[in-house]
Amino acid sequence: MKLAARVSQVTPSLTLAIAAKAKAMKAEGIDVCSFSAGEPDFDTPAHIKAAAAKALDEGKTKYGPAAGEPKLKEAIARKLQKDNNLDYKPENVIVTNGGKHSLYNLIVALIDPGDEVIIPSPYWLSYPEMVTLVGGKSVIVPTDASTGYKITPEQLRKAITPKTKLFVLNSPSNPTGMVYTPEEIKALAEVVVDADIYVVSDEIYEKILYDGAQHISIGSLGKEIFDRTLISNGFAKAYSMTGWRIGYLAGPWEIIKAASTIQGHSTSNVCTFAQYGAIAALEDSQDCVEEMRLAFAKRRQVMLDGLNSIPGLSTAKPDGAFYLFPDISKTGLKSLEFCDALIEEHQVAVIPGIAFGADNNIRLSYATDLATIEKGLERLEKFVRSRI
């Protein structure tokens, strides 16, 4: 069978593949410690599920507006104003089938073949694949531990060419967990404005912060940067709603209108009754978010201490999200070889850094229980000691 050429240019998701392998091994009765999945292990809070169930009982089971239920768009606009100091109206918002879909809609709406998109590395693995699918060019800018795995204004300025259309900013970061400071965000905003390009700020982990770290939306720093900013966000991480598939994109009306047109001819509306759960997530108590954040903070410290006690691993302390990104270069193994051997020999599933553009690292998610973390760390230490 001859498939479209674009399919051969895209790499299947390593994170999904490894998470699926870990689940399959567990189904076979194998005791696997999985640090692969980027999703909270908590159930969706009860009041959110109740709101969706109520909507279902009330018959909210029909087609809805392609861009989202008006009440949800209004709630998102209020959230963006209150939490992020972003003055968006409901018409500046589109509700999408997860945060990933919001980014894909944006890339399809904005990027022409040959357009360049600047992506700092390490990056969430789907960013460059989306750009490839529309014929754009990903300009990967490597970062390392010396800058906290964060792009500098000088690096961004140097990467910009006449073909640059978009800069992708992710803070807190997947896979590193690093958070840009307000000063760093301001300096990047000045470069974006000077170059007259767009920036998409992926803020899906904005609620998961530690040690006083502060999340700043780049578009809140003035009208010039606001006019060039798109905000991608969703409900998966903060509210443990990964399977609900509800995200959103906010930005200039012309781009949101284009994304809505694209969505109208692809998926149409997000599941109608699920959107009422999202309304409850935004408008009811946020205590559930804080409870999960506190649990993540405890797990982060346990995993960080454990990793830093293992000879041969070097792990920077993250300020947000629920990932650690240790450097494994002293083991002499590249990331895919490391991860394959680890799961086969010690039944621990982690994600190779090559998936994120960093082959000397691995990603571990601590969105799992403490018992699994402690057992997995013991197995990981045995594996690393056997290699160095």
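Hydrogens, waters and symmetry mates play no part in the numbers below; they use all other heavy atoms, side chains included. No experiment lies behind these values; they were computed from the predicted model shown.
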Under 6.0 Å from the [atom1] atom of [X], do we count more than 12 heavy atoms belonging to anything else shown?
| X | atom1 | value |
| --- | --- | --- |
| K89 | NZ | no |
| K137 | NZ | no |
| K23 | NZ | no |
| Y198 | OH | no |
| R387 | CZ | yes |
| K186 | NZ | no |
| E224 | CD | no |

Next item on the list: Flag this pair as yes if the NZ/CZ of K237 is under 6.0 angstrom from the six-membered ring centre of F322 and inside a 45 degree cone about the axis; otherwise no.
Entry: no
Item checked: Q9 side chain reached by E129 side chain, heavy atoms, under 4.5 Å -> no
Shortest non-hydrogen separation from [X] to [Y] and the atoms involved:
| X | Y | result |
| --- | --- | --- |
| L14 | A355 | CD1-CB, 3.8 Å |
| L307 | P326 | CD1-CG, 4.2 Å |
| P175 | F325 | CG-CE1, 3.6 Å |
| G38 | Y323 | CA-OH, 3.2 Å |
| S240 | M292 | CB-SD, 3.9 Å |
| A316 | L304 | O-CD1, 4.0 Å |

Check: Between S173 and S171, does any side-chain donor sit less than 3.5 Å from a side-chain acceptor?
Finding: no
Margin query: Under a 3.5 Å cutoff, is there a donor and acceptor pairing between the side chains of N360 and S329?
Written below: no
Next item on the list: Apply side chain to side chain contact (heavy atoms under 4.5 Å, CB included) to the pair V141 and I119, showing each step before the final yes or no.
Entry: CA-CA 6 Å; V141 180; I119 303 173; over 6 Å; no
Notebook entry, point to check: Other than L56, which residues form its hydrophobic cluster under the rule that side-chain heavy atoms must be closer than 4.5 Å?
Noted result: F273
Notebook entry, point to check: V179: which other cluster members, linking ILVMFWY side chains closer than 4.5 Å, directly or transitively?
Noted result: L209
Could you check whether [X] pairs with [Y] (Lys NZ or Arg NE/NH1/NH2 to Asp/Glu carboxylate O, under 4.0 Å)?
| X | Y | result |
| --- | --- | --- |
| R385 | E381 | yes |
| K375 | D31 | yes |
| E184 | K150 | yes |
| D211 | R300 | yes |
| R299 | D369 | no |

Checklist line | Centroid-centroid under 6.0 Å between Y123 and Y149 rings | finding: no
Notebook entry, point to check: Can the ring centroids of F383 and F338 be said to lie less than 6.0 angstrom from one another?
Noted result: yes
Margin query: Suppose we screen for side-chain contact (heavy atoms from CB on, under 4.5 Å). Which residues come up paired with Q286, at least two apart in sequence or across chains?
Written below: Y239, V289
Sequence neighbours excluded and cut-off under 3.5 Å, please list the side-chain donor-acceptor pairs for residues 241-259, or say none.
residue, atom, partner, partner atom, Å
T242, OG1, E39, OE1, 2.5
W244, NE1, T44, OG1, 3.1
R245, NH1, T242, O, 3.0

Checklist line | Counterpart residues, side chain to side chain donor-acceptor pair (under 3.5 Å), relative to S266 (two or more places apart) | finding: none
Next item on the list: Among E203, E283, E206, find the one that has a salt bridge (Lys or Arg N to Asp or Glu O under 4.0 Å) with K79.
Entry: E206
Next item on the list: Check the hydrophobic clustering (I, L, V, M, F, W, Y; side-chain heavy atoms under 4.5 Å; chains of links allowed) and say if L86 and V95 are grouped together.
Entry: yes
Next item on the list: Verify ring-ring contact (aromatic ring centres under 6.0 Å, His included) between F296 and Y205, making sure each step is shown before the conclusion.
Entry: CA-CA 12 Å; F296 289 139; Y205 295 96; 9.5 Å; no
Next item on the list: Could you list the residues that satisfy ring-ring contact (aromatic ring centres under 6.0 Å, His included) with Y88, not counting sequence neighbours?
Entry: F226
Notebook entry, point to check: Does any N or O in the side chain of Q155 come within less than 3.5 Å of the main-chain N or O of T152, such that one atom is a donor and the other an acceptor?
Noted result: yes
